[in-house]
Structures are given as C-alpha cells and as structure tokens.
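Structure, as structure tokens:
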Amino acid sequence: MLAGAAGNFVEWYEFGVYGCFATVIAERFFTPAAAGPDPAAPLLAAYASFAVAFFFRPAGALLFGRLADRAGRRPALVLVIALMTLATTLIGLLPDRATAGAAAPWLLVLLRAVQGLCAGGEFGGAVALMTEHAPPGRRGRYGAWQSFTVALGLLAGAGAAALTASLLSPAALSGWGWRIPFLLALPLGLTALGLRTALPGPRTRTSAPDPASAPDPASAPGIGTVRAVVLGVGRIMGWSAAGYTFLVVLPSYLQSTLGASFREALIATTLANLGFAASILPAGRLSDRVGRRPVMLAGALAVALCALPFLRLLRDPDAAATAKAAALLAAGATVGLLAGPGPAMLAEMFPSSVRCTGLGLAYALANAVFSGCAGLIVTALTAATGDPDVPAYYAGGLCALSALALAGLRGDDHRGPLR
C-alpha cells in the first residue's frame, strides 16, 4: 500500500506546486513580450505547458501499462517514480528566460512532457497494485488510498508553496524561492523509490482463472478494451474537470478574476483540498457497502447543481468568511465522492491481463482532455467573455454528462472478484 501510494504523493505534490506557482512561472518563463501584447498571454502559456504533461499521459499509460501487464507491476512502478523525481528536480534547477533566453520555456515544456509520460504509467500500475492486493470486499477503501495520496500531494504542494510565500519577500519568491518546493521532490522521490524497489515479485492475478470460463473479449487489447476505455473516460470526466477546477486552477482564478492576493488564493485552495482529503476514504469505504454507483452519482450531481452557487458565494463581498470557508470545504468534499470509489470502479472494468493499460489509459485520456486543459480553457473563456462563472459551467456541465455514464454502472460490481 505504501509503495503504491508514495509515487502518487510525489506526482501530485509536483502538480500542486506547479498549479500554485503558475503565475510566477508565467512571469519567469513566459514574459508578455514573448507571449504577445495580451496581459493574460503569459498565464495562458504557463497553463499550456501544464496541459502538455497531460497530453503525454495516454502515451505513458500505453507504454508503462503494457510493461506492467507483461513484466509485473514492480518494474513499471520503479521506472516511473525514478523518471518523475528526476524531471521535477530539474524543473527546480531550470534557468529562466532571463538566463537561458528563448530556450527556457522549451526546456520547461520538455520536462513537463517527461512528467506526463511518467504520470500516465503511474496511475494504472498503482491502482492495480492496490486493488489486486485488497482483501475481499475492501477494494473501494484500498483504491481510495490512491486518491487520498493525490489529496495529500496537492495539500503538501499547496502547503510548501504557502510556507515559502510566507517566509520570503515577494521579490525573493519570484526570483528564486519558487524553486525550493520543486527541489523538495528529490528526497520525497528517493523515499518512494526505496519503497518500490522492496516490493515482492510480479503479481497480476488475484485469483486462479477458471478453465471452464469462456475467454473474455476484453482479455487482450481489442474492441472490448477500447469500449471499456471510452466508457471509463465518460464515467470519470466529471471527476477530472471538477478536481482540477476546484483544487488546482482555483489559486490563479482567484488572483486573476477576483483580485485575491497570492496568500489568500493559497489558503482557499488549501481549504478545498482539505475537504477533498477528508471525504475520499469514507467515500471509498461506503462504496464497498452500497456500491460505486450511488456514491459517485451523488458526487457528480452535487457538483453539477452547486458549482454555480459556490463561485457566486466566493465573489460575494458581503458573504461571511466562515461561509466561504465552508463552501470551499464542501466543494472539495464533493470531488472526494468521485475520487474515493473511482480507482476501484476502473479496476473492476478490466481483466488482469490489460488492467494497468486499460484503467491507466481511461484515466490518462480523461485527465488530458478535461483536466490538463481546465486552466487553459477556463482562463481563455473567462478573458474572452468576461464571465466569471465559466469555471462553474465547465465543472458542472461535465459532471452532469458524467452522471449519465455513471448511471449505467452495475450495482453489484463491487461484490465479485476481480477478473
């Protein structure tokens, strides 16, 4: 469990740090002169580099997923955490545009691409490892640890950014202080690497196959697997969109749209991530009792109905600070209802021979399209329309569509053994 969770923590720690420092990275690597006359262009360029990592995730899911399905979970998990740690550390050492000129943003994009490849292979291997070793009737709570360590990583990233911002002057933070949280990924990654190298040998089945059973059409890459991947994307696209809108993009949205300070935006994001973390494990355990469908449907519908009132409350200058804090906690908690049962739900959709590839690819595609582009889409549409409710339309609309796909889940999938 620790070996699977540790890699997720390191991966999402970096994504949380990048999201919090998007405005600083835009200033250091994507200057207005290089990005165009539009003052929003540097931030859009920073988010474009953020999105690049997500679009490399599907390739990573295929590459490392097939390695994990053929050679075992351990080799793939060891390789992805080693490469992820290296890329994150190098971002902390990367010369900015003032030093390296036009090469600086391209080097940043290259390192983000490496991170995307690694992240694509991370999810499938880690979720397969956790759910395949779960005792009967506990896949939901074991799989929920993947999402819980995502929350811990985002919280740690936001906490490291907030602590750095509180200890340094704005000039020092912009000049060199932003590098410190990225460099902290090195000891974190080495710890995760040590845990993973100590894993036992390959394990890709949870039970002996039944020789009398007919071959599953999705037991090898083919039409059945492709269909399951597409369905999986539909079931988790709301989770992807709401998670990144409320948990990662929020700091820059609050600063650029509502005029919040950097520290106020970080506090708000920390509250949302606390609500997210608090609901994940209970949601996973509840899904082991009542099924994945009712828990995930509740989360998707809650976001669809409450996203617009949530943002309007944040913008209300007369609203009490306690009401805004409660809303931030609740927004994060609704995403946790999707993230808690989500990993187990995906694992139950694929047989062991393609589990890492299938669930990893579904997750990577959903994140590439609906998470990686969240900051880019929300920032661009808000700037173009002047409508500050764009994030609510984005997250709420996709959660409404996701609810339709989740309604087709079988009620007893959580009870049977993994294929």
Side-chain angles (χ1 to χ4, degrees), residues 9-35 39-50 53 84-112 114-115 152-191 247-256 258-274 375 379:
F9 176 85
V10 175
E11 173 193 337
W12 290 96
Y13 166 84
E14 188 280 335
F15 277 85
V17 167
Y18 193 98
C20 290
F21 283 118
T23 53
V24 178
I25 290 172
E27 176 188 346
R28 306 305 300 178
F29 289 87
F30 304 98
T31 62
L43 185 58
L44 289 173
Y47 275 131
S49 69
F50 189 79
M84 172 66 77
T85 301
L86 177 62
T88 303
T89 304
L90 289 176
I91 287 179
L93 299 172
L94 198 63
D96 60 16
R97 192 176 187 92
T99 303
W106 289 107
L107 291 172
L108 177 64
V109 169
L110 175 62
L111 292 174
R112 295 293 298 165
V114 173
Q115 288 180 319
L152 290 182
L154 290 173
L155 277 172
L163 180 61
T164 305
S166 66
L167 294 177
L168 299 176
S169 67
L173 181 69
S174 176
W176 54 268
W178 64 270
R179 299 178 183 276
I180 296 174
F182 285 98
L183 295 176
L184 288 176
L186 180 58
L188 294 174
L190 291 176
T191 302
L247 306 178
V248 177
V249 174
L250 190 61
S252 297
Y253 170 79
L254 292 175
Q255 292 174 80
S256 60
L258 304 187
S261 69
F262 183 67
R263 293 179 184 180
E264 289 172 339
L266 287 179
I267 291 172
T269 306
T270 301
L271 287 172
N273 277 280
L274 283 172
T379 303

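Side-chain atoms are counted along with the backbone in the values below, which use heavy atoms only and exclude waters and symmetry mates.
Here the OH atom belonging to Tyr13 is positioned 9.5 Å from the OG1 atom belonging to Thr88, to the nearest 0.5 angstrom. Rounding to the nearest 0.5 angstrom, the gap separating the OG1 atom in Thr191 from the CG atom in Leu186 is 9.5 Å. Taking CG of Leu107 as the reference point, atom CG of Leu111 lies at 7.0 Å (rounded to 0.5 Å).
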Identify each donor-acceptor pair in which a side-chain atom of residues 175-183 lies under 3.5 Å from a protein atom, sequence neighbours left out, and give them as a table.
residue : atom : partner : partner atom : Å
Arg179  : NH1  : Gly92   : O            : 3.1
Arg179  : NH1  : Leu94   : O            : 2.5
Arg179  : NH2  : Leu94   : O            : 2.8

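The nearest pair of heavy atoms linking Ser166 to Leu163 is OG-O, 2.8 Å. In terms of heavy-atom proximity, Gly157 sits nearest to Val17 at CA-CG2, 3.5 Å.
The salt bridge (charged side-chain N to carboxylate O under 4.0 Å, His left out) analysis of residues 9-23, with sequence neighbours excluded, yields the pairs Glu11-Arg57, Glu14-Arg112.
Listed by chain and number, the residues in a side chain to side chain donor-acceptor pair (under 3.5 Å) with Thr85 amount to none (sequence neighbours excluded).
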